[in-house]
Amino acid sequence: MLYLSTLLITLLFLLKAGIKAVVKMSINLPWLLLLLVVTVCLQTVSSYSNGKVTDACSSMEPNHGHHSSTKPNTYAITVDKNTFSPGDQITVTLSASNSGTAYFKGFLIQAHNAENPEAGAVGWFSVVDGSVSQLLQCGHTKDSAVSHTSDSKKTKVQVIWRSPESSPPIVQFLVTVVQKYKVFWVRIPGPVVLQAGVTPGPPHPTPTHSAAETTTPALLPGPFSSSGCGVRKSCIQDPVGCDPKTDPLCFFLSFATEGQSVLFELSGPANGYISFALSFDKWMGNDDVYLCVRDGNRVEIDAAYVAGRTHPVLASKSFLLNMTWRLSDGVIQCRFRRNIHIPQDRSRFDLNGSYFLFMAHGRAENGLVHRHDRQPLITSSQKVVTGPPENLIGSRSPLLMKFHGAFMLIAWMTTVSTGIIMARYFKNDWSDRALCGQRVWFQVHRALMAVTVLLSSVGFILPFVYRGGWSRRAGAHPYLGCTVMALAVIQPIMAVLRPPPDSGRRYIFNWMHLGAGTIAQILAVVAIFLGIHQQALLLPGPWSTGVLAGLVVWGVAAELVLEFHSRGFFKLGNGDSEDKDEILSASSDTHYEGRRFKRAVLAVFLTGNVGLLSALLCSISSV
């Protein structure tokens with residue numbers, strides 16, 4: 001619909017320009033370039049495939065949002081010697097067993113005090129093959145761990161460990177192995193090596209991580225509903241007032257305080273995940289995040305933290321209680337409980353605080369979430385999670401972007417079109433009147449164009465203020481916008497420097513002024529069509545695209561009617577008389593009727609234009 005509308009509008013402008021002989025200008029190439037489709041690929045953030053896993057030094061657990069496999073691992077860890085002296089080197093080999101999986105993708109190797117495995121890594125490593133392994137600093141010891149450099153398939157890795165001068169008497173090597181994103185083994189106990197002359201004592205158990213540590217989510221017995229919203233629980237609903245029990249397109253979040261905990265319910269149609277976050281402001285970053293992620297035919301409920309405009313970092317979910325989920329007809333629903341206070345985890349916000357709530361959804365592959373499909377729904381004000389129940393309202397479009405869209409629509413759909421009509425078809429009207437010392441048409445044209453430049457300038461700045469810089473995911477829209485803004489600024493500069501009307505070079509200004517204005521108007525229309533499909537200001541379709549197309553067609557039709565009239569295609573008055581006085585009288589009547597006709601066309605144009613523009617502005621205010 002968008003591209004058909006853009007093509008239609010471009011053809012209409014070409015038709016109008018042809019009638020006015022503007023097609024003689026050499027602007028075919030820029031118009032063709034406008035129709036090129038720019039595809040913006042969303043960058044998805046994968047796991048730590050580059051091996052920079054210093055965040056996992058203490059737990060040695062991959063931050064994949066899944067549990068360590070409970071199946072027996074089939075990897076062998078060997079050393080070339082069983083005893084050592086301070087300063088000795090030991091070659092450690094990790095290899096895939098021939099009887100099991102023939103490869104692994106990621107790994108993390110550390111050496112620990114076997115009598116106190118939680119004390120941290122000891123000694124330091126050096127790599128044998130720098131293309132598959134790299135050194136990491138865990139704790140205060142440089143090169144105290146080794147990890148992978150990429151997610152390529154590996155069958156064998158060798159590293160060299162050097163014992164420190166103050167080495168513990170008994171050292172054990174621990175290894176985490178990642179076979180694929182959801183299949184990994186954490187802290188696999190490896191060989192134990194002894195200092196020379198040390199007698200081994202009883203073995204110490206090595207902490208491991210298994211799925212048994214966290215309660216596995218259970219199935220919801222049935223869908224939950226909006227019953228009790230504003231009375232027993234606080235709710236966010238998109239669309240407003242929808243019920244997740246009966247509306248498959250309803251995005252829904254509710255929360256209710258129950259004793260020392262809060263029960264959350266989250267629902268929405270999504271291909272991969274739905275999520276919500278608690279935030280101190282309306283900007284993404286430093287947020288407490290909760291996700292319900294579809295993984296095949298089940299749903300994983302995860303906790304995460306967002307440090308900035310980045311991929312959420314999954315965290316422990318041991319504090320999530322009574323987790324249940326439901327998956328039906330593309331709708332994801334999940335319910336869980338968490339305590340109001342979680343002092344042991346600083347990334348989890350205290351629910352007695354006041355926060356903005358975000359609600360988002362997007363794609364997921366193999367449990368890995370991608371960037372949200374639409375702008376998150378953000379509550380209009382902060383809410384104390386444990387406060388009184390209420391129905392919350394929010395918006396998916398920031399206020400700055402709403403003003404951006406409104407200013408650009410008013411400027412390029414109304415003031416520009418009206419100013420052009422006044423300059424082209426009303427120069428001879430009100431010839432006996434002046435406005436501030438200038439002809440009426442000129443003053444009206446100049447005022448409308450000044451408003452256009454002012455609205456465009458303010459609207460141009462707002463997205464940069466909101467984004468804090470250039471938007472990399474907006475496709476061709478910002479490039480077209482910058483071009484339009486440049487042409488809008490050039491137009492008044494040319495007008496100030498224009499030669500006198502009787503100058504022999506006046507025609508150069510006329511063509512440049514007309515050409516730059518026509519190109520700017522076409523580019524602005526295309527940019528607006530692209531703009532109403534941006535995440536930050538996504539208007540409901542397809543009707544919004546149709547209304548915008550109607551707005552442009554309405555303006556083009558009004559100009560064509562006035563153009564035909566100016567060329568004498570519409571005969572007004574009685575032109576059959578042969579008497580001279582009657583001819584003069586008829587000519588005067590025809591001129592009068594012509595002016596009435598043009599003003600009627602202008603009035604009809606403004607009525608329809610304002611009506612369609614108001615519909616779009618109302619749509620902007622409601623998203």
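- The distance from atom CD1 of Ile77 to atom OG of Ser95, rounded to the nearest 0.5 Å, is 9.0 Å.
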Subject >> Arg348 and Phe319: CA distance, side-chain angles, deciding distance, side-chain contact (heavy atoms from CB on, under 4.5 Å) verdict >> reply: CA-CA 10 Å; Arg348 305 275 73 86; Phe319 59 89; 2.7 Å; yes
Subject >> Intermediate values then yes/no, side-chain contact (heavy atoms from CB on, under 4.5 Å), Val146 and Leu136 >> reply: CA-CA 6 Å; Val146 186; Leu136 301 177; over 6 Å; no
**OP:** In sequence, state the C-alpha distance, the side-chain angles, and the governing distance for Phe107 and Ser133, and then conclude on side-chain contact (heavy atoms from CB on, under 4.5 Å).
**Re:** CA-CA 9 Å; Phe107 64 89; Ser133 56; 3.8 Å; yes
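- For the atom pair OG of Ser328 and CG of Leu220, the computed distance is 11.5 Å after rounding to the nearest 0.5 Å.
- With sequence neighbours left out, Tyr305 forms a ring pair (Phe, Tyr, Trp, His ring centres under 6.0 Å) with no residue at all.
- Panel note: side chain Thr483, backbone Tyr479; a donor-acceptor pair is recorded below 3.5 Å.
- A heavy-atom distance below 4.5 Å is found between the side chains of Leu537 and Lys402.
- Leu314 is listed as a side-chain neighbour of Leu291, based on a closest heavy-atom distance under 4.5 Å.
- No side-chain donor-acceptor contact under 3.5 Å links Tyr75 to the backbone of Ile188.
- Side-chain atoms of Phe252 and Cys235, non-hydrogen and from C-beta on, do get closer than 4.5 Å to each other.
- Residues Ala256 and Lys233 share a closest heavy-atom pair of CB-CB, 3.7 Å.
- Side-chain contact check for Met401 versus Gln534: every heavy-atom pair is 4.5 Å or farther apart.
- Taking 4.5 Å as the limit, some side-chain heavy atom of Val385 sits within range of a side-chain heavy atom of Tyr355.
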Counting only pairs under 3.5 Å, give me each side-chain donor-acceptor contact of residues 269-277, with atom names and distances, residues two or more places apart or in other chains.
from: Tyr273; atom 1: OH; to: His370; atom 2: O; distance (Å): 2.8
from: Tyr273; atom 1: OH; to: His372; atom 2: N; distance (Å): 3.3
from: Ser275; atom 1: OG; to: Ala360; atom 2: O; distance (Å): 3.4

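- Atom CG of Asp143 sits about 11.0 Å away from atom CD of Gln134, to the nearest 0.5 Å.
- The minimum heavy-atom distance linking Leu174 with Pro189 is given by the pair CD2-CA, 3.9 Å.
- Sparse packing is recorded around NZ of Lys142, with 12 or fewer heavy atoms of other residues, nucleotides or ligands lying under 6.0 Å away.
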Original post:
Run the side-chain contact (heavy atoms from CB on, under 4.5 Å) check on Leu392 and Lys383 step by step: do they pass?
Top reply: CA-CA 9 Å; Leu392 303 172; Lys383 163 68 177 172; 4.1 Å; yes
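- Under the 3.5 Å distance criterion, the side-chain polar atoms of Thr379 are matched with a main-chain donor or acceptor of Leu357.
- Ring geometry for Phe349 against Phe280 counts as tilted: the plane angle lies between 30° and 60°, on a 0 to 90° scale.
- Proximity of a side-chain donor or acceptor of Asn339 to a complementary backbone N or O of His341 within less than 3.5 Å is not detected.
- Without hydrogens or angle criteria, Asn352 side chain to Asp350 main chain gives no donor-acceptor distance under 3.5 Å.
- With respect to the salt-bridge test (charged N to carboxylate O, under 4.0 angstrom), the residues Lys180 and Asp151 do not qualify.
- Residue Met359 holds its CE atom at 7.5 Å from CZ of Phe251, rounded to the nearest 0.5 Å.
- One finds the CG atom of Leu278 at 8.5 Å from the CZ atom of Phe255 (value rounded to the nearest 0.5 Å).
- Residues Leu351 and Arg338 have side chains in contact (heavy-atom distance under 4.5 Å, counting atoms from C-beta outward).
- At least one donor-acceptor pair closer than 3.5 Å links the side chain of Thr176 to the backbone N or O of Met60.
- Of all the heavy atoms in Arg187 and Ser59, the pair that sits closest is CD-O, 3.5 Å.
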Residues 156-171 side chain polar contacts: donor-acceptor under 3.5 Å, at least two apart:
from: Gln158; atom 1: NE2; to: Thr93; atom 2: OG1; distance (Å): 3.1
from: Trp161; atom 1: NE1; to: Val122; atom 2: O; distance (Å): 3.1
from: Ser163; atom 1: OG; to: Ser85; atom 2: O; distance (Å): 2.9
from: Ser163; atom 1: OG; to: Gly87; atom 2: N; distance (Å): 2.9
from: Ser163; atom 1: OG; to: Asp88; atom 2: N; distance (Å): 3.3

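- Scanning both residues, Val289 and Val306, for their nearest heavy atoms gives CG2-CG2, 3.5 Å.
- Here the two rings, on Tyr466 and Trp283, have centers that are under 6.0 Å apart.
- For the pair Gln375 and Pro398, the minimum side-chain heavy-atom distance is below 4.5 Å.
- Residues Phe358 and Pro376 approach most closely at CD2-CB, 4.1 Å, considering heavy atoms.
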**OP:** Test salt bridge (Lys or Arg N to Asp or Glu O under 4.0 Å) on Lys317 and Glu300 and set out the steps.
**Re:** CA-CA 11 Å; Lys317 55 184 180 182; Glu300 291 286 343; 3.3 Å; yes
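- Within a 6.0 Å sphere centred on CD of Gln260, other residues, nucleotides and ligands contribute 12 heavy atoms or fewer.
- Judged purely by atom type and a 3.5 angstrom limit, Gln110 has no side-chain atom pairing as donor or acceptor with the backbone of Ser144.
- Judged by distance alone, with hydrogens and angles left aside, the side-chain atoms of Arg294 form a donor-acceptor pair with the main-chain N or O of Gly296 at under 3.5 Å.
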Subject >> Steps toward salt bridge (Lys or Arg N to Asp or Glu O under 4.0 Å) verdict (Asp295, Lys182) >> reply: CA-CA 10 Å; Asp295 188 4; Lys182 296 190 294 182; 2.7 Å; yes
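- Using the six-membered ring where Trp is involved, Phe460 and Phe464 have ring planes that are tilted, between 30° and 60° apart.
- Between the side chains of Ser395 and Ser397, no donor N or O sits under 3.5 Å from an acceptor N or O.
- Ile90 is listed as a side-chain neighbour of Val193, based on a closest heavy-atom distance under 4.5 Å.
- Centroid-to-centroid, the aromatic rings of Tyr290 and Phe336 come within less than 6.0 Å.
- A donor-acceptor pair under 3.5 Å is formed between the side chain of Ser261 and the backbone N or O of Glu258.
- Side-chain atoms of Lys154 come within 3.5 Å of backbone N or O of Lys105 as a donor-acceptor pair.
- Of all non-hydrogen atoms in Ser279 and Gly285, the two that sit nearest each other are OG-O, 4.4 Å.
- Rounded to the nearest 0.5 angstrom, Asp281 CG and Asn286 CG are separated by 8.0 Å.
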